[in-house]
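Below you'll find the structure, written out as structure tokens, and then a few comments.
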Amino acid sequence: MTYYNLALFALALGGLYCWRELQASKLREGALLERLDKLSKEKRTLPAVPGHLNPHFLFNALNTIRYFVRTNPASARGLLLDLSLVLQSALRKDGQVSLRDELESGRGYLRLEGARLGPRLEIVDTISESDLDQLIETHILSHLLESLVKGVAERPNGGVIHLDFRNRRLILEADGHASLPSEVVKTLGPNLQIAREETTRFEWSLEQT
Amino acid sequence: MKILITDDESPAREELEFMLKQQLPTAEIQQACDGTEALRRLDEEQFDIVFLDIQMPGLDGLEVATKLLEQQNPPRIVFATASSEHAVEAFRLSALDYIVKPIAEDRLQQTIERLQEDSDQRDGFEKLLWSRRERKLWAEASEDRWVLLDFSDIQYIQAQDKKVYAATDGYPLLRVRRTLKELEQEMGPQGFLRVHKGYLVNLRKVKEMSAWFSGSYTLILDSAKKTEVPLSRRFVSKFREATGW
């Protein structure tokens, strides 16, 4: 009798434990699903900026390189490398990449535009080579630079583009009026500050990653 | 041939100039680095062709073309740009051609051929204008001698066996290398009237008229030879109208 009672008790205890575990796991699953749902919603409000290549830029760059092939082959070779950096960057998957990599293709882009626009485009680049391992969203930098170059090129006498990186903030400033695609503005949200006067100034504060 | 290249990018200007020089070694080529400079240059001197980039600071290529078309004798316009998005608008501005950079040699050659055809046509047009203004006409006195006739010296123009002749008082019939139709258009405003399938008469020279048969007449001109020109029935009413008969 005692054994029988004991066995029954143990069984009941075991059942109770299993039920609790089941409930708990259900709860955990629910929480997980909820979190996933929240994450995906967050993702929907932060659209990725797709890689892009302005065809006008591409054909103008090819035309410029063609001129240098004839007049200055060494420059032409350099510009072809710059073009391949720009293409690599445009073909990068959406996501994150090191500031160093994005800056390398961004500088290539600026050299190509500099070759095309001549003395009308001046670049002042004071970004030091340290502290560039930080990850940033892909394609954003190319959008920022493209809009600044456009703003400068619209001015008959051209202008200067400044590049700086201080206190985890990438600071880009140029003469002229530069406008950004809305998806870039949306993606960076409060991390991008825009100031427009005689110049256009973008301050992109890079989040801790 | 005088050519103006308009582009805000120096490599693009230089490259186009290099290619044009290869195909047109005798052409005089100048460069303008934006739309405003192009208009100033075109205002100062006459160019045959202007190559226009579209995206430029200040006045863009389409605006330059629009302003050029308001002028009396605009140069021919060729757009040279990195994208084809403005092609329709460019042709609405009566551009002669629209080429996309980078420009291939044979594509530029097509443009040049198009330019040459167009300038032949313009030359023909200018010839027409000159003779209309000066009221003169070249005629052949013999195989190697030509006479520049004043319209007022011509009594009539005659077409015969697909050849055209001018009749004057001082010369025998002189061959004219033009068609009767062309001459009718050109000399009509100067008092010449078609009076017969094969005759254009200088109305100032008509002196007398006599009935011929079935509604046609003979015109007798004021000349020593009393030259006669037929007036066919088909043209009688026009002749009546013109002479107040």
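Every chain is numbered from 1 and lettered A, B, ... according to where its sequence line falls, protein lines coming before strand lines.
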Closest non-hydrogen atoms of B:Ile103 and A:Asn63, given as atom of the first, atom of the second and distance, are N-OD1, 4.3 Å
Closest heavy-atom pair, B:Pro11 versus A:Ala115, reported as atoms and distance to 0.1 Å, is CG-O, 3.4 Å
Tell me whether [X] at atom [atom1] has more than 12 heavy atoms from other residues, nucleotides or ligands lying less than 6.0 Å away.
| X | atom1 | value |
| --- | --- | --- |
| B:Arg40 | CZ | yes |
| B:Phe91 | CZ | yes |
| A:Glu197 | CD | no |
| A:Glu198 | CD | no |
| A:Arg196 | CZ | yes |
| B:Lys163 | NZ | no |
| A:Arg169 | CZ | yes |

Indicate yes or no for a side-chain donor-acceptor contact from A:Arg70 to the backbone of B:Phe18 under 3.5 Å, with no hydrogens or angles considered. no
Distance col, row B:Ser83:OG vs A:Leu58:CG, nearest 0.5 angstrom, shows 12.0 Å
Of B:Glu9, B:Glu15, B:Arg13, the one forming a side chain to side chain contact (heavy atoms under 4.5 Å, CB included) with A:Tyr67 is B:Glu15
### Query
Can you check whether A:Thr71 reaches B:Glu14 side chain to side chain, under 4.5 Å on heavy atoms?
no
Student check: side-chain heavy atoms of B:Gln55 and A:Asn60 closer than 4.5 Å | no
Cut-off 4.5 Å, heavy atoms of chain B, and the answer for A:Arg66 is both
When the 4.5 angstrom heavy-atom criterion is applied to B:Thr81 and chain A, the contacting part is side chain
